[in-house]
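Every chain is numbered from 1 and lettered A, B, ... according to where its sequence line falls, protein lines coming before strand lines.
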Number of protein chains: 2
Amino acid sequence: MKTSNKLGRPAAFDKDAALDVAMRLFWKQGYEGTSMADLSHAMGIHPSSIYAAFGDKQALFALAAKRYIEVPGQYMVRALAEPTFETFIRAAFYNTVEFLGGKEYPASCFTLTGSLSCGVDTEPAKALMLDIRLRNEAVLKARLLKARRAGEFSKEENIDDYTRYLSSLLSGLAVQAANGSTKAQLKRTAELALRHLGIGLLSEG
Amino acid sequence: MKTSNKLGRPAAFDKDAALDVAMRLFWKQGYEGTSMADLSHAMGIHPSSIYAAFGDKQALFALAAKRYIEVPGQYMVRALAEPTFETFIRAAFYNTVEFLGGKEYPASCFTLTGSLSCGVDTEPAKALMLDIRLRNEAVLKARLLKARRAGEFSKEENIDDYTRYLSSLLSGLAVQAANGSTKAQLKRTAELALRHLGIGLLSEG
DNA sequence: TCCATTCTCGAATAAGCATTACAGAAAGAT
DNA sequence: ATCTTTCTGTAATGCTTATTCGAGAATGGA
C-alpha cells in the first residue's frame, strides 16, 4: 500500500488516474452493478494489481467515494464560500445544476447511483452512501445556522426542517438528472425552486 | 403460465401473495441485490416453481413492478380524483408522505430502489423503473393541463417546467425517506414544500 | 382405475463472481 | 553483478449466480 517506497519494482499505472476510472464506473453502474472484471478492464490493470494497490472491492469503493467527495463533490463546498445566505443558496443550486447536467461525469449523483438499495451482504456500500448524504445535510444545516446568526434567516423557521427541505430539493434535481433531464431543463427546475424559495434567479451560465 | 386450467396438479401457493413477497424484496434490495435464492426463500417456493409460474428473473421483476403500480402505487391516482388543483396538490403530497412514511412497505420508492443504476446486462430493469417514473410525470402533466383549462393554474407558468419541479419535489421526499426521515419529518418537509408552492397546509393525518 | 396434465423438489449445469497463489520481471541499493 | 523488494500477469480458487433437467407426486376427467 505504501507509495513512497523507493525499493522494488515501481507501479506501471497512475494510482490517481486508475481510482478516477473506478469512481466513474461505480458512479455509472453502482456498487453491485460493477464487477471486479469490469473494473480491471476499465482501469487497464489486472485484478491482482488492483487488490495489491487498493485492497478488496469494498475498500476500492470507499476510496472512490473519498475521491468523489474531494474532487467532483466539492461543488457544494465552493457554494459555502459565498458571503451571504442568498448568494449561497443561489450558488448551491447553480453548482448542482452544473454538476448534474455537465458532461464530464455521469448524470445524477454518486451518493444515489452508487448504492441506494442492495442485498444483505453489500450493505456497507449502501451505508457509506447514506453517510455521505447525511454529512452533506449537516454541512447545509451549519450554513443555515450561520445565516441565522447573521440575521439573514428568519428565527421563525425550523432549521432542521428547512435543511431537510433544501436537501430534498437538491436530491430531487439528482433524480431529475437520472430521468434524463437536460442541463437546460435542470436549470429551469432549479429556477422554479429558487423562485418558490423567495430567492432571485440564477446568474448566467 | 395458465392459471385457469383445471387439469393437472394445482399450485401449492397463492400466486398473488407470492408476487407480493417478490415485490417487497425487489423494493427493499433492488433488482441486482435480490437473488433468485433470496426470492425462493422469501416466497417459500422452490426456484423451478418460480420459473414455471412467473418466467425468468426479469419477467418476475416486471410482474412485481406491475403489481407495484396497481396496488401501492395507486396513491397518486387517488390524489388525481380530487376536484380542484389545490386539493389535488395537497393530496399528492399528503399521500406521498403516507406512502413513504408508512410501515406497510419499505421506505422510499420502488422506482428508485428497484434499480437506479446497474451493470450493462441488467439494464432492462433500470429502463423499466425509468419508464414508470416518466409515466408518473406524464400523469402529473395531464393534471396540470386540466387545471389550466379550468383556470386554476396560471397561463404564465410553463407546464413542462412545473411538472418537472413537482416531480423533483416528490422524488426528493423519496430520497429523504431513504435517508431515514420519519413520517413526521417527511410531513414537515412536505408542508414546507406546499407553503413555498403557495398552497395551504396538510389536513390532519 | 387409469390417464393426462401440471405441479414440486432435489440435483445438476454452466457461467460469473470476488479473491488469491505463484512464478517471473523490473527496479534501486549495495 | 547480486540481492531484496515490489509489481505484473496467468491461472486457479471456492463460491454464488440464474436457469433447467428429470423423477415423482397430486389432481380432475374418463
Side-chain angles (χ1 to χ4, degrees), chain A residues 1-19 21-22 25-26 29-64 114-115 118-126 128, chain B residues 1-19 21-22 25-26 29-64 115 118-126:
Chain A
M1 265 289 207
K2 297 189 180 175
T3 52
S4 56
N5 209 320
K6 290 190 177 181
L7 263 58
R9 179 177 172 177
F13 60 92
D14 182 330
K15 209 171 166 181
D16 265 11
L19 190 54
V21 170
L25 204 57
F26 278 132
Q29 306 193 351
Y31 181 81
E32 289 177 329
T34 307
S35 71
M36 291 302 288
D38 289 341
L39 289 163
S40 167
H41 183 257
M43 298 162 84
I45 309 170
H46 279 74
S48 40
S49 295
I50 297 180
Y51 279 84
F54 303 104
D56 66 6
K57 189 184 176 184
Q58 180 60 48
L60 176 58
F61 185 71
L63 287 169
S115 181
C118 65
V120 284
D121 47 348
T122 55
E123 280 184 358
K126 187 177 73 170
L128 178 57
Chain B
M1 264 287 206
K2 297 192 178 173
T3 54
S4 57
N5 210 320
K6 290 189 174 180
L7 262 59
R9 181 177 172 176
F13 60 91
D14 182 330
K15 209 171 165 181
D16 265 13
L19 191 55
V21 170
L25 204 58
F26 278 133
Q29 306 193 351
Y31 182 81
E32 289 176 329
T34 307
S35 70
M36 290 303 287
D38 290 341
L39 289 162
S40 166
H41 183 256
M43 298 162 85
I45 308 171
H46 283 249
S48 35
S49 296
I50 297 180
Y51 278 85
F54 303 103
D56 67 6
K57 189 185 177 184
Q58 180 61 46
L60 177 58
F61 185 70
L63 288 169
S115 181
C118 65
V120 282
D121 46 348
T122 55
E123 281 184 355
K126 187 178 74 171

To the nearest Å, give me how far apart [atom1] ([X]) and [atom2] ([N]) are.
X: A:K15; N: D:dT6; atom1: NZ; atom2: C1'; answer: 13 Å
X: A:D56; N: C:dT19; atom1: CG; atom2: P; answer: 5 Å
X: A:I45; N: C:dA18; atom1: CD1; atom2: C1'; answer: 17 Å
X: A:Q58; N: C:dA18; atom1: CD; atom2: P; answer: 12 Å
X: B:Y51; N: D:dC21; atom1: OH; atom2: C1'; answer: 14 Å
X: B:M43; N: C:dT8; atom1: CE; atom2: C1'; answer: 15 Å
X: B:L60; N: D:dA18; atom1: CG; atom2: C1'; answer: 12 Å
X: B:I50; N: D:dT19; atom1: CD1; atom2: C1'; answer: 12 Å

**Message:** Judged by each residue's nearest nucleotide on DNA chain C, which is more toward the 5′ side, B:H46 or B:D121?
**Reply:** B:H46
**Most 5' of B:A12 and B:P47 on DNA chain C, judged by nearest nucleotide** =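 In this pair, the answer is B:A12.
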From [atom1] ([X]) to [atom2] ([Y]), nearest 0.5 Å:
X: A:M43; Y: A:I50; atom1: CE; atom2: CD1; answer: 4.5 Å
X: B:K57; Y: B:T122; atom1: NZ; atom2: OG1; answer: 8.0 Å
X: A:F13; Y: A:I45; atom1: CZ; atom2: CD1; answer: 4.0 Å

**Asked** What is the nucleic acid contact for B:T34, judged by heavy atoms within less than 4.0 Å: base, sugar-phosphate only, or nothing?
**Response** sugar-phosphate
**Request:** Scan A:S40 against the nucleic acid and name what it touches under 4.0 Å (heavy atoms): base, sugar-phosphate only, or nothing.
**Result:** nothing
**Nearest-neighbour nucleotide for the B:S35 side chain, D:dT8, D:dT19, D:dA18 considered** =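 Of the options given, the side chain of B:S35 lies nearest D:dA18.
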**Prompt:** Taking the side chain of A:K57 as its heavy atoms from C-beta onward, which of C:dT19, C:dT8, D:dT17 lies nearest to it?
**Reply:** C:dT19
**Asked** Once the angle between the rings of A:Y31 and A:F26 is folded into 0 to 90°, is it parallel (under 30°), tilted (30 to 60°) or perpendicular (over 60°)?
**Response**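 Answer is parallel, since the angle falls under 30°.
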**Request:** Please name the pair of heavy atoms, one in B:D14 and one in B:D16, separated by the smallest distance, quoted to 0.1 Å.
**Result:**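 Closest approach of B:D14 to B:D16: OD1-N, 2.9 Å.
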**Side-chain heavy-atom pair B:L19, B:L60 within 4.5 angstrom cut-off** = yes
**Item:** Nearest-nucleotide comparison on DNA chain D, the residue closer to the 5′ end among B:E32 and A:A11
**Value:**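 The residue whose closest nucleotide sits nearer the 5' end is A:A11.
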**Prompt:** For the side chain of A:E32 and the backbone of A:S115, is there at least one donor-acceptor N/O pair under 3.5 Å apart?
**Reply:** no
Scan nucleotides 22-26 of chain D against the protein and return all N/O pairs shorter than 3.5 Å with their distances rounded to 0.1 Å.
unit_1, atom_1, unit_2, atom_2, d
D:dA25, N3, B:R9, NH1, 3.3

